[in-house]
Structure formats: structure tokens, C-alpha cells
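Report on the following structure.
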Amino acid sequence: MSRHKITAERVFHALGDPTRRSIVERITEGPVSVSALAIPLDITLTAVVQHLQVLEDCGLVQTEKIGRVRTCRLKTTGFSILEQWIRDRRSTWERRLDRLGSLLAEPDEDQ
Amino acid sequence: MQPSSVVHSTIVIERSYPKPPERVFAALADPAKKRRWFAEAENQIVDEFEMEFRVGGIERLRYRLEGDVPVKGIPITSEARYQDIVPNQRVVAASTTSVGNHRISASLVTIELLPTENGTDLILTYQGAFFEGADGPQSREAGFRKLLDRLATELAR
């Protein structure tokens with residue numbers, strides 16, 4: 001669906017909106033139909049669809065039409081991009097200490 | 001007054017490891033172990049790593065970064081001299097980092113190990129002076145802050 005490369009900036013922009021955040025939080029619990037999503041948000045179905053389009057374009061949400069019902073579920077692409085973005089910004093020393101932790105987690109080699 | 005050409009920055013990082021201080025200290029003192037967590041990383045080619053683990057001894061790391069980074073392929077050298085070593089308790093080293101022929105920072109790195117019920121708390125204190133053109137933690141911090149500011153702006157809408 002997304003024609004452009006998904007960047008962390010776009011994911012941040014998508015999550016910068018409180019309505020879109022509450023949509024993401026809601027579907028974290030499981031897939032929801034678009035019409036069911038609209039009810040607690042107290043906004044029109046058209047507005048929900050627009051928000052979903054933004055979330056879908058940046059890989060946070062996936063929608064699928066089954067019969068007459070459009071369902072949306074979480075997609076991991078956008079989250080992976082955020083994870084990578086945060087990892088890239090950790091300092092050299094933080095990454096080193098992460099690796100020290102992995103090394104220490106190995107079984108005792110000198111026994 | 002002219003703007004200063006040096007930026008000072010102190011970073012404190014704390015970690016808890018489920019291993020006794022002796023084990024953590026061994027990973028700081030043993031060259032083969034230290035190479036694995038200190039020198040070797042993804043997108044990084046290690047050209048040289050050597051260390052003489054004694055007060056006054058030198059530790060030298062030369063590496064190049066791969067991937068989508070501005071300093072791709074340029075040799076990065078960090079050279080440290082051990083200033084203080086107390087087995088299972090602390091290691092202090094003074095070091096410099098250069099990118100190509102350009103020295104970008106000088107720093108004092110203190111690693112303290114504190115025994116806990118479940119293992120060890122490690123406290124790393126990095127006190128650095130960053131020179132012109134340094135892509136050091138402070139500029140990374142600034143980049144991080146800029147994006148977080150942008151996020152805050154978005155959140156405020």
C-alpha cells in the first residue's frame with residue numbers, strides 16, 4: 001500500500017496524533033473491525049478510515065476486507081523501524097555494555 | 001567571546017548483570033573476552049585490538065565502520081591508558097579517539113563494579129572533551145533530542 005519508503009520520521013508523525021495512538025493501543029489487544037473502532041473514538045467512520053490510511057502507510061497497521069467487514073490488525077514493520085531508530089541512537093558505550101551482557105549470559109566457559 | 005571549540009559531556013550508564021563481580025571483571029581484564037564485547041560489533045571491521053591490562057598499560061583499537069554512516073571506511077582509532085585498576089572493583093582509563101588523522105575526543109572512562117544480591121551493578125562514567133567535527137555522544141544526543149523535540153511538537157498538536 002505504501003508507495004514511499006517508510007522512515008522513522010513518518011512513524012513518529014503517525015504516532016504523534018492521539019487518535020491514531022488510541023487506535024494502535026486498541027488493536028494491540030487484537031484485530032478489530034473498522035466500524036467497531038469508530039464507536040469508542042466518537043469520530044466518523046470516514047475519519048477513522050483516514051487515520052487508518054496513515055497508520056497503514058507507515059507499516060503500523062494492516063487492514064483486510066473479509067466479506068463485508070474490514071478488519072484491522074497490528075503490523076510489525078513500523079515498530080521494527082522505531083526499534084532500529086532507537087538502537088542507532090544508543091551511544092557506543094551502551095551498545096558495548098549490551099554486548100558485555102550477552103557475553104556474560106553465556107555458560108561459564110572456564111569450568 | 002569566541003565560541004568554545006571544545007564541548008564537554010559526561011555520560012553515566014548503569015547496568016545490572018546476573019554474574020558476580022569476578023566474572024564481570026574477567027570480561028574487562030581478559031583481552032580475548034574484552035575484544036568480543038568492546039571491539040567486535042555489527043557493521044564494524046576490527047583491524048587491530050590489543051591491550052596490556054596493567055596500570056600504565058595501553059589499549060588500542062583500530063576499526064572501520066560499514067553501512068550507511070558518514071565515516072564509512074575511514075579508520076577510527078581509540079587509544080587508552082589504564083590509570084587505575086582494582087580487581088573486581090574498578091577500571092579507570094584515559095583515552096583519545098581519532099577519525100582518520102583527525103582527533104575528535106579525549107575522555108576519562110571509569111567502570112565501577114558493585115556486588116549485589118543477584119550479581120553485579122556496573123556503573124560507567126564517561127567524561128569527555130569533544131573537539132571540532134566530533135560525531136560524539138553529544139552530537140548523537142543532540143540528534144536524539146532534535147527528533148524527540150519533533151515528536152513533542154507532533155504530540156502537542
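No experiment lies behind these values; they were computed from the predicted model shown. Throughout, a chain's letter reflects where its sequence line sits, starting with A, and its residues are numbered from 1.
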Let me confirm one number: the [atom1]-[atom2] distance from [X] to [Y], rounded to the nearest 0.5 Å.
{"X": "B/I11", "Y": "A/T92", "atom1": "CD1", "atom2": "OG1", "result": "9.0 Å"}
{"X": "A/W93", "Y": "B/I111", "atom1": "CH2", "atom2": "CD1", "result": "4.5 Å"}
{"X": "B/K19", "Y": "A/L103", "atom1": "NZ", "atom2": "CG", "result": "9.5 Å"}

Problem - Proximity breakdown for B/V109 and chain A, heavy-atom pairs closer than 4.5 Å - result: side chain
Practice task
Could you look at B/R15 and say if it's the side chain, the backbone, both or neither that has a heavy atom under 4.5 Å from chain A?
Solution key: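 The side chain, not the backbone.
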Handout entry: Check: A/L97 and B/Y17 side chains under 4.5 Å, non-hydrogen atoms
Key =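 Sidechains of A/L97 and B/Y17: in contact.
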Do [X] and [Y] share a hydrophobic cluster (ILVMFWY, side-chain heavy atoms under 4.5 Å, transitive)?
{"X": "B/I13", "Y": "B/F130", "value": "yes"}
{"X": "B/L108", "Y": "B/L113", "value": "no"}
{"X": "A/V61", "Y": "A/I43", "value": "yes"}
{"X": "B/L28", "Y": "B/I85", "value": "yes"}
{"X": "A/V69", "Y": "A/L52", "value": "no"}

Problem - Closest contact, heavy atoms only, B/R23 versus A/E106 - result: NH2-O, 4.0 Å
Practice task
Kindly indicate, with the supporting measurements, whether the criterion side chain to side chain contact (heavy atoms under 4.5 Å, CB included) is fulfilled by A/L100 and B/L122.
Solution key: CA-CA 11 Å; A/L100 173 58; B/L122 182 151; 3.9 Å; yes
Handout entry: Non-neighbouring partners of B/E112 that pass salt bridge (Lys or Arg N to Asp or Glu O under 4.0 Å), sequence neighbours left out
Key = none
Exercise for the section: Could you pull out all residues at least two apart from A/R99 that satisfy salt bridge (Lys or Arg N to Asp or Glu O under 4.0 Å)? Expected result: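 By the salt bridge (Lys or Arg N to Asp or Glu O under 4.0 Å) rule, A/R99 matches no residue at all.
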Practice task
Tabulate, in ascending numerical order, the residues of residues 38-59 of chain B having at least one heavy atom closer than 4.5 Å to a heavy atom of chain A, or enter 'none'.
Solution key: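 Only B/F38, B/E40, B/A41 of residues 38-59 of chain B have a heavy atom under 4.5 Å from chain A.
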Handout entry: Heavy-atom contact with chain B under 4.5 Å, split by part of A/A8
Key = neither
Practice task
Kindly indicate, with the supporting measurements, whether the criterion side chain to side chain contact (heavy atoms under 4.5 Å, CB included) is fulfilled by A/R96 and B/K34.
Solution key: CA-CA 10 Å; A/R96 282 175 178 158; B/K34 180 148 183 185; over 6 Å; no
Problem - side chain to side chain contact (heavy atoms under 4.5 Å, CB included) partners for A/S22, two or more places apart - result: A/L41
